[in-house]
Amino acid sequence: MRVADLATASVLILLGGVVVFDSIRIGIGWGTDGPKSGFFPFWLGVIMIATCVAIIARAWRRSTDTPFVTRAQLVPVLKVLWPATLMVILVKPLGLYVASALYMGFYMRWVGRHGWVVVALCAIGVPVLTFLVFETWFLVPMPKGPLEAWLGY
Amino acid sequence: MGVENLLLGFHIAITPFNLFVAVVGITLGTVIGVLPGLGGANGVAILLPLTFTMPPTSAIILLTSLYWGALFGGAITSVLFNIPGEPWSVATTFDGYPLARQGKGGQALTAAFTSSFVGALFSIVLITFFAPLLAEIALRFGPPEFFAIQLLTFSSFIGLGGGDPLKSLVSIVLGFVLAAVGLDIVTGQLRMTFGFIDLMKGFDFIVAVIGLFGVGEILLSVEEGLSFRGIATGMNLRVVLDTWKVLPRYYRTFVRGAFIGFWMGFKPGGATPASFMSYAFAKRFSKHPERFGTGELEGVVAPETAAHAAGVAAMLPMLTLGIPGSPTAAVMLGGLIIWGLQPGPLLFTEKPDFVWGLIASMYTGNIIGVLMVLAFVPFFAAILRIPFAILTPLIVAICAIGSYAVHNSMIDIWYMLIFGVVGYVFKKLDYPLAPLVLALVLGDLAENALRQSLIMSQGSLAIFVTRPIAGAITAVAIFFFVLPVVTPWWRRRRGTPLPTASLRET
């Protein structure tokens, strides 16, 4: 837990530093008509750095040694994450409906080991349903790919 | 005058279309409340794009009904599956699940739904009478008062939220920083964009809500390895009627829970601590405190009354001040802006049909809600029997669709994934997420209020203490800010141990 705590606080300090740096660049003082653009973010950055330093100091003194995440916990998390990332990458070439169908089908088959019928039913049924709700009923367009183009949308 | 307005509201809320919308909202909301990883806030966020083409009053009725449904839905999983679908139903599991194991699931659920309804009704009645008064007072507020209220909002997360005060502060500041990214609307200056065009638009809090609460929560649930072993509902009309005969016995618990819920709920931080507090009070004042935790009906009544009262009370500051009391209320506030309404005290005079339609729909929505959940519990409970390998990718895909739909922008899906990972890490390290979301929503408003106040005072911070209303609010806010520092010191002097239980709020 300690390592994760320290790492997160350090990243946030770095972020605070970036905020302070950029705020100083655009001005943190009093402009012609009130505080300049950097005024508010500058102090946010300062508070962030100060608080994270306090968190680090505290974590250094007392912190549990229970691991932040065990291997047994991390594996199922990554099994959700990397296919999801792949899905987002595929949205551009294939469209959101096809990408989400592939993602759902893949995950159900790979992790859940469900039968092909169930997988096909869910993976195709759900995108079709969302298509009907979003595109035809509420007229909210989603990114579409070659399949939709071939079907004439 | 209040009654007249309320009648006007009922006129709007009881049209067939709006009743239909309420039924749809409650059904979806209950489903969302039952599903792990989809709570009220991100359920509302995902459905928000669908309301863009609806009339605003129907749209807000849909979203609020969804919220009531989610509040009811949380109780179902707590009682039957020992899984709190929402953080505020954690306390419901203490006695609800033992009751279900003793074959009294029907009683527990009836008690939970009825208490929810009573708590909600109490808050709605208070809103009906107090909201117009508060709006009238708020009309006289200037920038210093509004900034003081913002301070109060965030200080109550630190002082009363129950989480780690330092980490709460970091969450708040991070939310404000994310809100500041992009165009500064006062000066037209670009901030923290570092030349990236995608950063110019800034971060949308709706996408943040979907990522932090939706994807983050899913990652947490798969980590714990979901296995649902539910208990049959055992619900029928006879059980419902028999339980209703017993419930009036607990009228003290109802009243206490409703007051705690309303008091905690209209300030941020709300529903979860309220449910725990109400449970603790019920136990302390009970004649048989030792029975709590083993299946005492009162132990279900107490947290549910408070949680639902708090959930409804969170709408009060959203309506009257334009400052939401919970992430769900924040998403609704975002909706108001998108539908072209200006949230805040002026809403009461400029859009009375909207405001009173909404308030009336709270009555109708909760009545429809309690009847629907009582009638269809087995159906809703069956949802959790769907294998998690089907639910998980389904929820992730729905989150992706929802985030894209907010602005029709591809980058938002990436933000959703990143916020998901951030939400997962933050939740594990006890950084509260609700203050981050609220800060992201209120960032521009808070900054403008601060800058305008400073312009009024020629740069002196004294303006927040010298004006009477602002001064009083600031004083309370400062009190909350120092509370975490003072409490341990005070406890040490009196020799009472620190409480070890920490509450989480989403």
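The sequence lines fix the lettering, A, B, ..., with proteins before strands; numbering per chain opens at 1.
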- line: Note: vs chain A, highest number of non-hydrogen pairs under 4.5 angstrom among B:V396, B:T53, B:I172 is B:V396
field: A:V19, part contacting chain B, at a heavy-atom distance under 4.5 Å
entry: both
message: Among B:I401, B:L190, B:L174, B:L169, which residue has the highest count of heavy-atom pairs closer than 4.5 Å to chain A?
response: B:I401
- prompt: Can you say whether A:L44 sits under 4.5 Å from chain B via the side chain, the backbone, both, or neither, judging by heavy atoms?
  reply: both
Whether B:F20 and B:F17 hold their rings parallel, tilted or perpendicular, with breakpoints at 30° and 60°: tilted
query: So does A:W110 have more than 12 non-hydrogen atoms from other groups sitting under 6.0 Å from CH2?
result: yes
- prompt: Does A:F68 offer a backbone N or O that forms a donor-acceptor pair with the side chain of B:K428 under 3.5 Å?
  reply: yes
query: Just by modelled atom types, is the B:L48 backbone N or O under 3.5 Å from a matching donor or acceptor in the B:T51 side chain?
result: yes
message: Give the interface residues of residues 143-150 of chain A toward chain B, defined by a heavy-atom separation under 4.5 Å.
response: A:P143
message: As a quick check of understanding, evaluate salt bridge (charged side-chain N to carboxylate O under 4.0 Å, His left out) for A:R25 and A:D22, giving each step before the final call.
response: CA-CA 5 Å; A:R25 181 182 65 81; A:D22 190 68; 3.1 Å; yes
- prompt: By a 4.5 Å heavy-atom criterion (distance strictly below it), what part of A:S37 contacts chain B: side chain, backbone, both, or neither?
  reply: both
message: Strictly less than 4.5 Å between heavy atoms, which residues of residues 117-127 of chain A line up against chain B? Please order them by number.
response: A:V118, A:C122, A:V126
message: Donor-acceptor check, side chain of A:R109 to backbone of A:H114, threshold 3.5 angstrom: yes or no?
response: yes
query: Given a strict heavy-atom distance threshold of 4.5 Å, which part of B:V421 is in contact with chain A: side chain, backbone, both, or neither?
result: side chain
query: Given a strict heavy-atom distance threshold of 4.5 Å, which part of A:L12 is in contact with chain B: side chain, backbone, both, or neither?
result: side chain
is_close_aromatic(B:Y404, A:F134), centroid dist under 6.0 Å: no
- prompt: At their closest point, which heavy atom of B:P484 faces which heavy atom of B:F481, and how far apart are they?
  reply: CD-O, 3.2 Å
field: A:K36 portion near chain B, given a 4.5 angstrom heavy-atom threshold
entry: backbone
task: Select one option (side chain, backbone, both, neither) describing which atoms of A:M108 are under 4.5 Å from chain B's heavy atoms.
output: both
query: Looking at A:I26, A:L74, A:T130, which has the largest count of heavy-atom pairs under 4.5 Å with chain B?
result: A:I26
field: A:L78 versus chain B, the contacting section by heavy-atom distance below 4.5 Å
entry: neither
- request: Determine which pairs satisfy ring pair (Phe, Tyr, Trp, His ring centres under 6.0 Å) with at least one residue from residues 13-33 of chain A, sequence neighbours left out, and list them in order.
  value: none
message: Can you classify the ring geometry of A:F131 versus A:Y97 as parallel (below 30°), tilted (30 to 60°) or perpendicular (above 60°)?
response: perpendicular
- request: Using non-hydrogen atoms and a 4.5 Å limit, figure out which bit of A:S23 sits close to chain B: side chain, backbone, both or neither.
  value: neither
query: Which residues satisfy the ring pair (Phe, Tyr, Trp, His ring centres under 6.0 Å) test with A:Y107, sequence neighbours excluded?
result: none
Toward chain A, the part of B:Q452 with a non-hydrogen atom under 4.5 Å: neither
query: Is the backbone of B:L429 close enough, under 3.5 Å, to the side chain of B:K167 for a donor and an acceptor to pair up by distance?
result: yes
task: Tell me, out of B:Q458, B:Q189, B:E447, who's got the most heavy-atom pairs with chain A below 4.5 Å.
output: B:E447
query: With side chains defined as the heavy atoms from C-beta onward, is the minimum distance between B:D430 and B:F426 less than 4.5 Å?
result: no
- request: Answer yes or no: is there a donor N or O on one side and an acceptor on the other, between the side chain of B:S171 and the main chain of B:P432, under 3.5 Å?
  value: yes
Choice from B:L219, B:D184, B:L50 maximising heavy atom contacts with chain A below 4.5 Å: B:L50
